[in-house]
Amino acid sequence: MVHALPLWATAGFDRAYGGFHERLFPDGTPDAAAPRRTMVQARQIYVYAHAAALGWYPQGLPLAQTALETLLARARSPGGRPGYAYSVSPDGGVADPVRDSYTHAFVILALAWLHRASGDGQLRGLIDEVLAFVDEHLTAPDGTLYEGAPRRLPRRQNPHMHLYEAMLALREVADHPEAAARAERLRAHLEGRFLDPRTRTIGEFFDDAWAPRADDDSVEPGHHAEWSWLLHRDARLAGRPPAPLAAHFLAFAADGADPETGFVLDGVSRGNAPRLRSRRIWPQTELAKAWLAAHEQGHAGALEAADRILGAVRRTYLSGPVSGGWIDKFDEAGVPVDAPMPASTLYHLFSAAAEVERVLAPAAPG
């Protein structure tokens, strides 16, 4: 993070606009023409607020505050309709007015950590405003999330996972009185809606009645690792042992890794056979986080496994031409994909670094 935070705070931040660029080209220059997704703005606000709270990058706090002011001015309730637009254009106009569940989960995460970093009590009102919008406009009668407003298919587990993450953050860093109960309801959907009863693997795409899509036999190991880490985190906050699914999901993700490189693939079958042999960087960071969580529970060899994957990431994905940047994806032949670096990936890299600090720093000498 020593180089990544300054990179995205300078080349990755549009001073004229007041918010973050969507992506950087491999040479470190911004793609200034790309629409700015609210989800990306929220992820970057989270990163810089959390980094400021840790003391890693104190100048991240005013940066996050400026980005939030821009987000509120341009994406919040445009046209008088409640909720946050999916994206805005570089000139500040609304590019996509859809109110997306995934997006709103990250707005809550960003507000929670900015509240922690700044101590600004007014952010609690914004948090409650987003929660009320999610309840009224994005939540189905059974408590699951619609994909967005207007409604569309397929329905996905992913927005639920990230809203669950946001509720855990609200509990941990904002002490929100509803956070624990809301997290519990979201966790219940994992077993009640998203799991295949035979393999206990997590489906990604569903119809409106939460039946898995018939043509979809591919699942994402990265999301299994991410859920494993979240279940561990939930248990830690609640003071109870983690759900058995946490270990099951970690084993599934790790067992399906490429035997030559140790990296998690982008897609496998429910039986853990390769389906999509490309490999992005973010599943690797989620696997490392899951191993660190297992280490906290005394799992033999977990710390060594986390160290192996993080070391391999440093040697490969972080070997790009720009200091603080990364190679976001390798193709099925192991060749780097020549494509821009998405700003959204910084959230994954930062959260892995923050977990290393949280789990291992207390044990460091001195």
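Heavy atoms only: backbone and side chains are in, while hydrogens, waters and symmetry mates are out. If you're wondering where the values come from, they're calculated on a predicted model, not measured in any experiment.
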Undergrad: State, to 0.1 Å, how close Leu230 and Leu168 come at their nearest heavy-atom pair, and which atoms those are.
TA: O-CD1, 3.7 Å
Undergrad: Please check: side-chain N/O of Gln157 versus main-chain N/O of Ile202, any donor-acceptor pairing under 3.5 Å?
TA: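 Judged by distance alone, no pair lies under 3.5 Å.
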Undergrad: Using 30° and 60° as the class boundaries, would you call the ring planes of Tyr347 and Phe106 parallel, tilted or perpendicular?
TA: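 Perpendicular, since the angle between the ring planes exceeds 60°.
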Undergrad: Same hydrophobic cluster for Phe194 and Leu153, using side-chain heavy-atom links shorter than 4.5 Å among ILVMFWY?
TA: no
Undergrad: Do Arg280 and Asp266 sit within salt-bridge range, that is, some charged N less than 4.0 Å from a carboxylate O?
TA: no
Undergrad: Do Thr103 and Arg37 have side-chain N/O donor and acceptor atoms under 3.5 Å apart?
TA: no
Undergrad: So, the side chain of Thr316 versus the backbone of Ala312: is there a donor-acceptor pair under 3.5 Å, distance only?
TA: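 A pair under 3.5 Å: yes.
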Undergrad: Please determine, by modelled atom types, if Trp291 and Glu304 share a side-chain donor-acceptor pair under 3.5 angstrom.
TA: no
Undergrad: Would you confirm whether His248, through its side chain, and Pro244, through its main-chain N or O, come within 3.5 Å as a donor-acceptor pair?
TA: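 No.
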Undergrad: I would like to know whether Arg124 and Asp175 meet salt bridge (Lys or Arg N to Asp or Glu O under 4.0 Å); could you show each step before the answer?
TA: CA-CA 10 Å; Arg124 293 295 292 263; Asp175 195 28; over 6 Å; no
Undergrad: Compare every heavy atom of Arg270 with every heavy atom of Thr201, then report the nearest pair and how far apart it is.
TA: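 Heavy atoms of Thr201 and Arg270 come nearest at OG1-NH1, 2.7 Å.
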Undergrad: Is there a side-chain contact between Ser323 and Leu7, using heavy atoms and a 4.5 Å cut-off?
TA: no
Undergrad: Any ion pair linking Asp234 and Arg240 (charged N to carboxylate O, less than 4.0 Å)?
TA: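 A salt bridge links Arg240 with Asp234.
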Undergrad: Just checking, any donor-acceptor pair under 3.5 angstrom between side chains of Asp331 and Ser278?
TA: no
Undergrad: What I want to find out is whether Arg182 reaches Asp135 closely enough, with some N-O distance under 4.0 Å, to be called a salt bridge.
TA: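 Judged by the 4.0 Å cut-off on N to carboxylate O distance, Arg182 and Asp135 do form a salt bridge.
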Undergrad: Salt-bridge test for Asp100 and Arg152: reply yes if a basic N is under 4.0 Å from a carboxylate O, no otherwise.
TA: yes
Undergrad: Consider ring pair (Phe, Tyr, Trp, His ring centres under 6.0 Å). Of Trp326, Phe13, Phe350, which one does Trp8 pass it with?
TA: Trp326
Undergrad: Do Pro154 and Phe206 have side chains that get closer than 4.5 Å, going by heavy atoms?
TA: no
Undergrad: Output yes when a side-chain donor or acceptor of Asp207 lies under 3.5 Å from a complementary backbone atom of Ala211, and no otherwise.
TA: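 Such a contact is found between Asp207 side chain and Ala211 backbone.
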Undergrad: Within the distance-only criterion (no hydrogens, no angle test), does the side chain of Ser228 pair as donor or acceptor with the backbone N or O of His224 below 3.5 angstrom?
TA: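 No; judged by distance alone, with no hydrogens or angles, the pair does not exist.
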Undergrad: Do you see a donor-acceptor pair shorter than 3.5 Å between the side chains of Trp282 and Glu226?
TA: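 Side chains of Trp282 and Glu226: no pair found under 3.5 Å.
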Undergrad: Should we say atom CZ of Arg275 is surrounded by more than 12 heavy atoms from elsewhere, each under 6.0 Å from it?
TA: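 Atom CZ in Arg275 is crowded, with more than 12 foreign heavy atoms closer than 6.0 Å.
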Undergrad: Can any side-chain N or O of Thr345 pair as donor or acceptor with the backbone N or O of Met341 at less than 3.5 Å?
TA: no
Undergrad: Measure across Val40 and Ser344 and return the closest heavy-atom pair with its distance rounded to 0.1 Å.
TA: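 Nearest pair, atom of Val40 first, then Ser344: CG2-CB, 4.1 Å.
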Undergrad: Do Val88 and Met39 sit in one hydrophobic cluster, given that two such residues count as connected whenever their side-chain heavy atoms are within less than 4.5 Å of each other, even indirectly?
TA: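 No, separate clusters.
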Undergrad: Can you confirm if the aromatic rings of Phe263 and Phe330 lie within a centre distance of less than 6.0 Å?
TA: no
Undergrad: Verify the neighbour count for atom CD of Glu332: are there more than 12 heavy atoms of other residues, nucleotides or ligands below 6.0 Å?
TA: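 Atom CD in Glu332 is not crowded, with 12 or fewer foreign heavy atoms closer than 6.0 Å.
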Undergrad: Would you check if the side chain of Arg99 reaches a backbone N or O of Pro82 as a donor-acceptor pair within less than 3.5 Å?
TA: yes
Undergrad: Counting distance only, does the side-chain N/O of Ser269 pair as donor-acceptor with the main-chain N or O of Ala273 below 3.5 Å?
TA: yes
Undergrad: Side chains of Arg187 and Leu231: does their closest heavy-atom pair fall under 4.5 Å?
TA: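 Yes, close enough: below the 4.5 Å cut-off.
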Undergrad: Answer yes or no: is there an ion pair linking Glu147 with Arg156, defined by an N-O contact shorter than 4.0 Å?
TA: yes
Undergrad: Kindly indicate whether the side chain of Leu163, heavy atoms from C-beta on, has any atom under 4.5 Å from the side chain of Ile108.
TA: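 They are in side-chain contact.
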Undergrad: For Tyr84 and Phe133, I'd like to know if the aromatic rings sit close, meaning centre-to-centre distance below 6.0 Å.
TA: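 Centroid separation for Tyr84 and Phe133: 6.0 Å or greater.
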Undergrad: If you measure from the Lys or Arg side-chain nitrogens to the Asp or Glu carboxylate oxygens, is any gap between Arg155 and Asp208 under 4.0 Å?
TA: yes
Undergrad: Are Tyr48 and Phe20 an aromatic pair by the rule of ring centers under 6.0 Å?
TA: yes
Undergrad: Please find the pair of heavy atoms, one from Ala169 and one from Trp113, that lie closest to each other, and give the distance.
TA: CB-NE1, 4.1 Å
Undergrad: Just so I know, are the side chains of Leu114 and Gln65 near enough to count as touching, which here means a heavy-atom distance under 4.5 Å?
TA: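 Counting from C-beta outward, Leu114 and Gln65 do come under 4.5 Å.
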Undergrad: Donor-acceptor check, side chain of Arg358 to backbone of Val356, threshold 3.5 angstrom: yes or no?
TA: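 Absent.
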Undergrad: Check whether any side-chain heavy atom of Tyr17 lies under 4.5 Å from a side-chain heavy atom of Arg74, and answer yes or no.
TA: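 A side-chain contact exists here, since the closest heavy-atom pair is under 4.5 Å.
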Undergrad: If the threshold is 4.0 Å, N to carboxylate O, is there a salt bridge linking Arg171 and Glu178?
TA: no
Undergrad: Can you check whether Arg200 reaches Phe249 side chain to side chain, under 4.5 Å on heavy atoms?
TA: no
Undergrad: Say whether Asp142 and His189, considering side chains only, have a donor N or O and an acceptor N or O under 3.5 Å apart.
TA: no
Undergrad: Hydrophobic clusters here meaning ILVMFWY residues chained together by side-chain heavy-atom distances under 4.5 Å, can you tell me if Leu195 and Met161 are in one?
TA: yes
Undergrad: Within the 4.5 Å heavy-atom criterion, are Val47 and Leu5 side-chain neighbours or not?
TA: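 Val47 reaches Leu5 side chain to side chain.
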Undergrad: With hydrophobic residues grouped by side-chain heavy-atom distances under 4.5 Å, do Phe205 and Leu145 end up in a single group?
TA: no
Undergrad: What closest approach, in Å, do Ala32 and Pro90 show between heavy atoms, and which atom pair accounts for it?
TA: O-CG, 3.4 Å
Undergrad: Under the 3.5 angstrom rule, does the side chain of Asn272 hit a backbone N or O of Phe252 as a donor-acceptor pair?
TA: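 Such a contact is found between Asn272 side chain and Phe252 backbone.
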Undergrad: Kindly say whether the aromatic ring centers of Trp56 and His50 come within a distance under 6.0 Å.
TA: no
Undergrad: Using the rule that Ile, Leu, Val, Met, Phe, Trp and Tyr join whenever any side-chain heavy atoms are under 4.5 Å apart, tell me whether Ile281 and Val337 fall into a single cluster.
TA: no
Undergrad: Mark yes when over 12 heavy atoms from residues, nucleotides or ligands other than Arg151 sit less than 6.0 Å from its CZ; otherwise mark no.
TA: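 Not buried by this count: 12 neighbours or fewer within 6.0 Å.
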Undergrad: So, His232 and Glu296: side-chain donor and acceptor under 3.5 Å apart, yes or no?
TA: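 His232 vs Glu296: no donor-acceptor pair found between side chains.
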Undergrad: For His162 and Glu165, which I'm curious about, is there any donor-acceptor pair between the side chains at under 3.5 Å?
TA: yes
